Every structure is written in structure tokens, then in C-alpha cells.
Amino acid sequence: MLADVVNGSLEALGGLMILNHCRVAWKDKSVKGVSILSVAFFTGWGVWNLYYYPHLDQWVSFAGGLVIALANLVWIGLMVKYRAR
């Protein structure tokens with residue numbers, strides 16, 4: 001299914017973009033100007049997709065969703081760590 005491949009690819013690319021946020025936060029040892037609430041919402045959505053995509057038999061989207069959900073969890077972890085300082 002072309003739609004699954006495109007969606008899964010976009011999700012995986014989104015995860016790589018989020019990992020870039022993580023890289024910068026790790027390098028700078030700080031996080032500023034980003035709402036943890038917004039990131040938490042999109043993380044929740046990503047976790048939901050891990051339940052939802054298999055029910056649609058969209059396994060490429062599931063794989064991409066796994067990348068973006070895990071990247072968001074790392075991003076939240078770094079936000080909590082560096083904002084606690």
C-alpha cells in the first residue's frame with residue numbers, strides 16, 4: 001500500500017527530526033522555548049498510533065510510528081532533565 005509506505009516514511013523522518021532536537025539539547029545541556037505539554041500531546045498521539053496502525057494492517061506506518069514515539073520519549077526525558085537544573 002503506497003499510503004502506508006508514504007505515511008510510515010514521513011513518521012520515520014519526523015522521528016529523525018525530533019532526534020535532531022535531542023542532539024542539540026544534549027550538546028547545549030539546555031532546553032528553552034519549547035512547551036513540554038505540546039511534546040507530551042504528540043508523544044501520546046504517537047503511542048496511540050502504535051496501537052492503531054496494526055489494526056489497519058499498516059506495518060510500515062507502525063515502524064515509522066515507533067521511531068517517532070521513541071524519539072519523542074527521549075525528547076521529553078531530555079526536557080525534564082535539563083529543565084530540572
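Bear in mind the structure is a predicted one, so any value in this text is a computation, not a measurement.
- Ring geometry for H21 versus W75: interplanar angle under 30°, hence parallel rather than tilted (30 to 60°).
- The shortest side-chain heavy-atom distance between M79 and Y82 does not fall under the 4.5 Å cut-off.
- Side-chain contact between L70 and L66: present, with at least one pair of heavy atoms (C-beta onward) separated by less than 4.5 Å.
- One hydrophobic cluster, built from ILVMFWY side chains closer than 4.5 Å, cannot hold both V47 and F62; they sit in different ones.
- Counting all heavy atoms, side chain and backbone alike, T43 lies closest to A69 at CG2-O, 4.5 Å.
- Inter-residue side-chain proximity for E11 and V67 is flagged as unmet; no heavy-atom pair is nearer than 4.5 Å.
- Between A40 and I76, the shortest heavy-atom contact is CA-CD1, 3.8 Å.
- Residue V34 is grouped with residue I68 when hydrophobic side chains (ILVMFWY) are merged at heavy-atom distances under 4.5 angstrom, including chains of intermediate members.
- For the pair A71 and G15, the tightest heavy-atom approach, listed with the atom from each and the gap, is CB-O, 3.5 Å.
- Every residue two or more places apart in sequence or in another chain was checked for a side chain to side chain donor-acceptor pair (under 3.5 Å) with Q58, and none qualifies.
- A distance of 9.0 Å separates CZ of F42 from CG of N72, quoted to the nearest 0.5 Å.
- Cluster annotation: W59 is connected to Y53 through the hydrophobic network of ILVMFWY side chains, with a link wherever side-chain heavy atoms come within less than 4.5 Å.
- In this structure the side chain of L16 never reaches within 4.5 angstrom of the side chain of N20, judged on heavy atoms.
- Residue-environment remark: NZ (K29) exceeds the threshold of 12 foreign heavy atoms within 6.0 Å.
- A 4.5 Å side-chain heavy-atom check between V60 and N7 finds every atom pair outside the cut-off.
- Below 30°, between 30° and 60°, or above 60°: for H55 and Y51 the angle between ring planes is between 30° and 60°, a tilted geometry.
- If you chain together hydrophobic residues whose side chains sit under 4.5 Å apart, I18 and L13 never meet in one group.
- V74 and I36 fall within the same hydrophobic cluster, defined by Ile, Leu, Val, Met, Phe, Trp and Tyr side-chain heavy atoms under 4.5 Å apart, directly or through other members.
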